[in-house]
Amino acid sequence: REAAGMLIEKYSGTAYADLGALLSSRVQADAGDLKSARAQLGWAAEKANDPALRMAWVKALAEAVVLALSAAVAGAINAVAGGGSLISFPAAVAVGMSPLVANATNTVALTPGSIASAYGYRRELAQDRPILRLFLPASALGGALGSVLLLVTPQRLFDAIVPVLV
């Protein structure tokens with residue numbers, strides 16, 4: 001924190017001060033002080049000398065909108081028919097997530113919707129218990145195997161095969 005503060009004070013009006021503000025924000029966020037981190041980011045966005053840094057919030061906002069809209073559409077698709085990941089996964093990759101991180105994030109983000117859908121369709125599912133008993137073990141095994149493969153597959157290999165998997 002002290003180094004970041006020194007950069008801001010001693011080199012005010014330079015790119016060093018901009019970097020100090022970003023560093024300070026990161027340190028504060030890591031320490032759990034999100035209010036101070038947000039304030040420091042606001043300072044960087046307003047006072048930065050680098051035009052790209054001043055406009056970074058526009059890019060971040062656009063990415064957040066793309067992700068939120070794709071998540072909403074994917075959730076609606078999943079609630080009715082499944083396949084919402086065909087919307088949300090490419091959107092996450094498009095905003096700069098690695099395919100590995102996008103895959104994990106996508107799975108976690110869509111899980112509550114899947115659980116809610118299963119609850120919503122519980123009467124229909126109750127009628128299909130014999131089929132559920134048949135497919136549930138294979139689904140659980142496939143999910144466990146996929147999780148293990150995701151953890152042990154190198155990033156480069158995953159990046160190369162993910163288009164085939166989707």
Side-chain angles (χ1 to χ4, degrees), residues 21-45 52-166:
L22 293 175
L23 177 62
S24 176
S25 176
R26 174 62 187 259
V27 168
Q28 291 165 340
D30 288 347
D33 187 0
L34 299 181
K35 185 176 180 180
S36 296
R38 186 175 297 131
Q40 204 62 48
L41 279 177
W43 182 92
L53 184 57
R54 279 191 303 235
M55 295 303 293
W57 69 271
V58 174
K59 181 180 182 250
L61 180 62
E63 289 174 353
V65 168
V66 165
L67 291 174
L69 289 175
S70 68
V73 170
I77 291 170
N78 278 349
V80 176
S85 293
L86 294 172
I87 303 294
S88 55
F89 176 79
V93 172
V95 300
M97 286 187 194
S98 74
L100 189 63
V101 171
N103 183 53
T105 301
N106 188 52
T107 301
V108 170
L110 294 178
T111 297
S114 298
I115 292 169
S117 293
Y119 180 76
Y121 287 108
R122 67 189 177 280
R123 289 183 189 94
E124 290 82 359
L125 291 171
Q127 296 170 358
D128 294 326
R129 271 181 212 242
I131 294 171
L132 286 174
R133 285 191 189 111
L134 179 67
F135 287 121
L136 191 61
S139 295
L141 181 62
L145 181 62
S147 298
V148 169
L149 285 173
L150 187 65
L151 291 173
V152 300
T153 302
Q155 178 80 41
R156 281 190 187 160
L157 179 60
F158 187 82
D159 292 351
I161 63 174
V162 77
V164 177
L165 297 175
V166 175

Distance-only donor-acceptor pairs under 3.5 Å for side chains of residues 125-132, two or more places apart:
none

Output side-chain donor-acceptor pairs under 3.5 Å for residues 64-84, partner residues at least two apart or in another chain, one line each.
residue : atom : partner : partner atom : Å
Ser70   : OG   : Val66   : O            : 3.1
Ser70   : OG   : Leu67   : O            : 3.1
Asn78   : OD1  : Gly83   : N            : 3.1
Asn78   : OD1  : Gly84   : N            : 2.6

Give the table of side-chain donor-acceptor pairs shorter than 3.5 Å for residues 99-111, with sequence neighbours excluded, one pair per line with atom names and distance.
residue : atom : partner : partner atom : Å
Thr105  : OG1  : Val101  : O            : 2.8
Asn106  : OD1  : Ser88   : OG           : 2.3
Asn106  : ND2  : Ser85   : OG           : 2.9
Thr107  : OG1  : Asn103  : O            : 2.9
Thr111  : OG1  : Thr107  : O            : 2.6

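One distance of note links OG of Ser25 with CG of Leu34; it measures 9.0 Å at 0.5 Å rounding.
Within 6.0 Å of CZ in Arg122 there are more than 12 heavy atoms belonging to other residues, nucleotides or ligands.
Legend: side chain to side chain donor-acceptor pair (under 3.5 Å) pairs involving residues 136-152, not counting sequence neighbours: none detected. Listed by first then second residue, pairs satisfying salt bridge (Lys or Arg N to Asp or Glu O under 4.0 Å) with a partner in residues 104-117 number zero, not counting sequence neighbours.
Pro137 and Arg133 get closest at one heavy-atom pair: CD-O, 3.1 Å.
Scored by the side-chain hydrogen bond (donor to acceptor under 3.5 Å, both in side chains) test, Thr153 finds no partners at all (sequence neighbours excluded).
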